[in-house]
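These notes concern the structure reproduced below.
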Amino acid sequence: MSDAALPIPGSPEADILSALGARSIVLVGMMGVGKSTIGRRMAARLKLPFVDADTEIEAAAGMTIPEIFERHGEPHFRDGEARVIARLLDGGPIVLATGGGAFMREETRARIAAKAVSIWLKADHDVIMRRVRRRADRPLLQTADPEGTVTRLLTEREPVYRHADLTIASRDVPHDKIVEECIETLHAHLCGVPPADLASAVR
Ligand code: S3P
């Protein structure tokens with residue numbers, strides 16, 4: 001990496017990068033919470049590569065996620081997903097956006113805990129529904145009652161997502177605000193610096 005590709009020395013981004021070492025930043029959470037959008041912007045701030053696990057799975061399989069589900073079924077997709085994430089975590093540091101179900105696998109959670117700092121992007125049911133309606137390429141939501149499916153998945157998954165190292169509320173505010181909160185919270189977590197809001201609240 002040339003100097004031009006490094007964050008400004010002394011900046012929170014530079015501190016985060018040096019505290020991470022070879023560890024990655026992994027975004028987890030439900031479909032539609034903005035893992036890829038936020039991850040891409042975080043990676044740009046930190047000058048790290050951004051990788052979307054779903055895109056990598058599609059490239060490795062040579063077909064789209066709906067095709068993998070249709071031809072081989074969900075268990076096959078999940079095995080491929082676990083393998084791809086394991087490989088990506090060995091090549092850190094990167095910013096990695098994972099598919100909504102990836103963190104549900106214990107083996108993947110253990111790998112993420114060992115090789116990354118995880119951030120749960122948490123959104124409520126209504127925000128998720130508004131966002132997932134915009135795309136029809138999520139096989140799990142091709143049901144007669146997508147709202148009911150999201151409710152069920154949230155009930156199953158939230159207790160597990162909670163195991164992520166950090167939680168950030170994903171809501172309808174500009175993306176850069178969420179990115180800023182992720183950077184501040186990571187900085188606090190990795191470098192022991194309180195996020196600005198907390199610091200001003202205790203002054
Ligand atoms: C899934 C989420 C999708 C994709 C697949 C399964 C899930 O990724 O991995 O359709 O189980 O929640 P996004 O969370 O990026 O939509």
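Heads up: numbering here begins at 1 and tracks the sequence. Excluded from the calculations below are hydrogen atoms, water molecules and symmetry mates; all remaining heavy atoms, backbone and side chain alike, are included. Counting convention: from 1, in listed order, for ligands and their atoms alike.
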*Subset of ligand 1 atoms that lie under 4.0 Å from at least one heavy atom of L140*: 7 (C), 11 (O)

_Per-atom contacts, ligand 1 versus G101 - under 4.0 Å to a heavy atom_ = 7 (C), 11 (O), 12 (O)

*Protein contact of atom 10 (O) of ligand 1 - nearest heavy atom, named by residue and atom, plus distance*: P139 CD, 3.5 Å

*Within a distance under 4.0 Å of any heavy atom of K35, pick out the atoms of ligand 1 and give their elements.*
13 (P), 14 (O), 15 (O)

*Would E56 and R87 count as a salt bridge (Lys or Arg N to Asp or Glu O under 4.0 Å) if you check the C-alpha gap in whole Å, the side-chain angles of each, and the deciding distance to 0.1 Å?*
CA-CA 10 Å; E56 292 292 310; R87 166 172 60 78; 3.8 Å; yes

*Return the residue, atom name and 0.1 Å-rounded distance of the protein heavy atom closest to atom 4 (C) of ligand 1.*
D54 OD2, 3.4 Å

*For atom 2 (C) of ligand 1, closest protein heavy-atom neighbour*: G100 N, 3.3 Å

*State the atoms of ligand 1, each with its element, that fall below the 4.0 Å cut-off from a heavy-atom position in R138.*
16 (O)

*asked:* Looking at R131 and D172, is any side-chain nitrogen of the basic one under 4.0 Å from a carboxylate oxygen of the acidic one?
replied: yes

*State whether the number of non-hydrogen atoms from other residues, nucleotides or ligands found under 6.0 Å of E156 atom CD is greater than 12.*
yes

*asked:* For the backbone of G100 and the side chain of R157, can you confirm whether one donor and one acceptor N or O come within less than 3.5 Å of each other?
replied: yes

*Looking only at heavy atoms, is any part of R78 under 4.0 Å from ligand 1, and if so is it the side chain, the backbone, or both, or is it neither?*
side chain

*Specify side chain, backbone, both or neither for R157, according to which of its non-hydrogen atoms lie closer than 4.0 Å to ligand 1.*
side chain

*asked:* Please list, in number order, the atoms of ligand 1 under 4.0 Å from a heavy atom of G99.
replied: 8 (O), 9 (O), 14 (O)

*Heavy-atom closest pair, residues H125 and T151*: NE2-OG1, 3.0 Å

*Would you say Y161's side chain and L154's backbone share a donor-acceptor pair under 3.5 angstrom?*
no

*Nearest heavy-atom neighbours spanning A60 and V84*: CB-CG2, 4.4 Å

*Using a heavy-atom cut-off of under 4.0 Å, does the side chain or the backbone of L153 touch ligand 1, or both, or neither?*
neither

*Quick one: closest heavy-atom pair of A19 and R23, and the distance?*
O-NH2, 3.0 Å

